[in-house]
Visitor: 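Structure incoming, see below.
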Amino acid sequence: MMETTQKALTFKLGNDLEINRLGYGAMQLTGFGVYGEVDDRENAKKVLQEAVNAGVNFIDTAEAYGPQFNETLIADALYPYATGVVVATKGGFNRTGPNQWIPNGDPEFIRQNIEGSLQRLKVDTIDLWQLHRIDPKVPVEETLAPVFEAVKAGKIKHVGLSEVTIAQIEQAEKVLPIVSVQNLYNLSKRQWENVLDYTTQRGMAFIPWFPLASGPDSMADKINNIAAKHNATTAQIALAWLLKRSPNILLIPGTKSVGHLNENLKATEIELSEEEFEQLSK
Ligand SMILES: NC(=O)c1ccc[n+]([C@@H]2O[C@H](COP(=O)([O-])OP(=O)(O)OC[C@H]3O[C@@H](n4cnc5c(N)ncnc54)[C@H](OP(=O)(O)O)[C@@H]3O)[C@@H](O)[C@H]2O)c1
């Protein structure tokens, strides 16, 4: 039986920043293929503002979303940031067109990413900077050298990784402390269970990307039955399962719709029973 905890609704990122576990992922607020400007910019700003008004204090973005348009949009919508709002960004991907993602761990590129993010987000310090991908062509120690410099200079507070193995986390930690890991994880994609458990034991945040995929089609009946019992939607059950899975999970569901945003935020109100949790976990 998988061990679960009763829901804590906040988590201390880096033992320091108090984060509401239901946050927002801003990647959808871009053009087709996560490239270019979002079609309806006013609506996108409204979604971001509504999220913060509703209590979201963790927003995930990246230099690569747009690229750059997404960070600028966030500052346009939310600057000056309300007290306690953490905008987490990432660097380390070249974008050459819609749906084109090329890891780039060249130290100079990383340095430019960090300087650009500071300017676009209009902050003196990035609360959480994440290495979007480890570039297999560049030793991670070299990629992280400018990140460590930025931490020492007060330009970055905390550092995280994305789509990494335990061995890669340990390798990165030889350069600097790691406070979070952002890997693909949801009801249907469970290949990173070992990394999730590792982060839980180490007190790091685990930030599942693509959190709303609510299980393979074979699970539809089971999920629908549980959703009906809670008078909830499939999306809410997928998020409630993640909240119960581990107390260090921070959620960043993405949406372009204020309606879906508010629906997703209500997932914190759902208490899955142990039995329901076990059924969903199979
Ligand atoms: N580290 C990485 O490599 C990586 C990779 C991918 C994503 N991410 C991060 O993870 C975040 C979330 O990922 P994601 O946006 O790809 O996937 P997601 O959050 O799992 O799903 C987003 C999709 O679900 C729909 N949706 C949202 N709420 C819904 C609801 N209540 N009912 C029905 N549909 C709903 C959205 O459409 P509508 O707009 O119509 O609501 C959108 O198409 C991103 O914003 C990004 O910050 C990180």
Side-chain angles (χ1 to χ4, degrees), residues 21-35 38-40 43-44 46-48 50-51 54 56 58-67 69-71 73-74 86-95 99-104 113 117 121 128-135 159-164 168 180-189 191-192 195 199 205-215 220 223-224 227 230 232-243 249-270:
R21 292 179 60 208
L22 230 161
Y24 177 75
M27 187 185 79
Q28 303 285 336
L29 306 180
T30 50
F32 168 75
V34 195
Y35 204 73
V38 64
D39 287 344
D40 186 344
N43 172 69
K46 219 179 285 172
V47 171
L48 287 161
E50 178 77 13
V56 166
F58 186 77
I59 295 175
D60 185 73
T61 181
E63 188 273 347
Y65 300 164
F69 286 111
N70 198 245
E71 289 182 328
L73 172 77
I74 287 171
V86 168
V87 181
T89 194
K90 318 183 195 77
F93 256 132
N94 265 347
R95 298 300 311 282
N99 294 317
Q100 301 296 309
W101 303 80
I102 304 166
N104 186 348
N113 272 197
S117 292
L121 292 172
L128 176 65
W129 187 91
Q130 304 153 97
L131 180 59
H132 213 153
R133 283 296 181 282
I134 291 179
D135 182 348
V159 177
L161 301 171
S162 173
E163 221 44 25
V164 285
Q168 288 172 322
S180 68
V181 172
Q182 185 171 145
N183 281 11
L184 172 61
Y185 186 79
N186 56 48
L187 261 177
S188 65
K189 298 270 190 254
Q191 65 268 39
W192 290 122
V195 174
T199 58
F206 185 86
I207 309 170
W209 59 264
F210 208 13
L212 282 169
S214 40
I223 296 174
N224 288 341
H230 287 270
T233 63
T234 317
Q236 288 171 326
I237 295 298
L239 296 174
W241 179 82
L242 284 166
L243 284 174
I249 286 184
L250 303 183
L251 294 180
I252 50 166
T255 179
K256 287 179 175 164
S257 137
V258 169
H260 281 167
L261 169 78
N262 286 319
E263 177 184 320
N264 296 341
L265 295 179
K266 288 209 179 78
T268 54
E269 295 167 14
I270 298 170

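Read the numbers this way: they start at 1 and go in the same order the structure lists the ligands and their atoms. Computed from a predicted structure; not experimentally measured.
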Visitor: With Arg133 as the cation and Trp101 as the aromatic partner, state whether NZ or CZ is under 6.0 Å from the six-membered ring centre and within 45° of the axis.
Guide: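 No, Arg133 does not sit over the ring of Trp101.
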Visitor: Among all residues two or more places apart in sequence or in another chain, which pass the side chain to side chain contact (heavy atoms under 4.5 Å, CB included) test with Asn70?
Guide: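 Asn70 satisfies side chain to side chain contact (heavy atoms under 4.5 Å, CB included) with Ala26, Leu29, Thr30, Thr61, Tyr65, Leu73, Ile74 only.
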Visitor: In terms of side-chain geometry, is the basic nitrogen of Asp60 or Lys90 positioned less than 4.0 Å from the acidic oxygen of its partner?
Guide: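 A salt bridge links Asp60 with Lys90.
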Visitor: When you compare the side chains of Ser117 and Glu71, does any donor N or O come within less than 3.5 Å of an acceptor on the partner?
Guide: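 Distance-only check passes for Ser117 and Glu71.
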Visitor: Taking non-hydrogen atoms within less than 4.0 Å of ligand 1, which protein residues qualify?
Guide: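 Lining ligand 1: Gly25, Ala26, Met27, Gln28, Asp60, Tyr65, Lys90, His132, Arg133, Ser162, Gln182, Trp209, Phe210, Pro211, Leu212, Ala235, Ile252, Pro253, Gly254, Thr255, Lys256, His260, Glu263, Asn264.
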Visitor: Are Glu163 and Trp192 side-chain neighbours, meaning at least one heavy-atom pair lies under 4.5 Å?
Guide: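 Yes, at least one pair of side-chain atoms sits under 4.5 Å.
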Visitor: Please step through side chain to side chain contact (heavy atoms under 4.5 Å, CB included) for the pair Ile207 and Gln130, ending with a clear verdict.
Guide: CA-CA 11 Å; Ile207 309 170; Gln130 304 153 97; 4.0 Å; yes
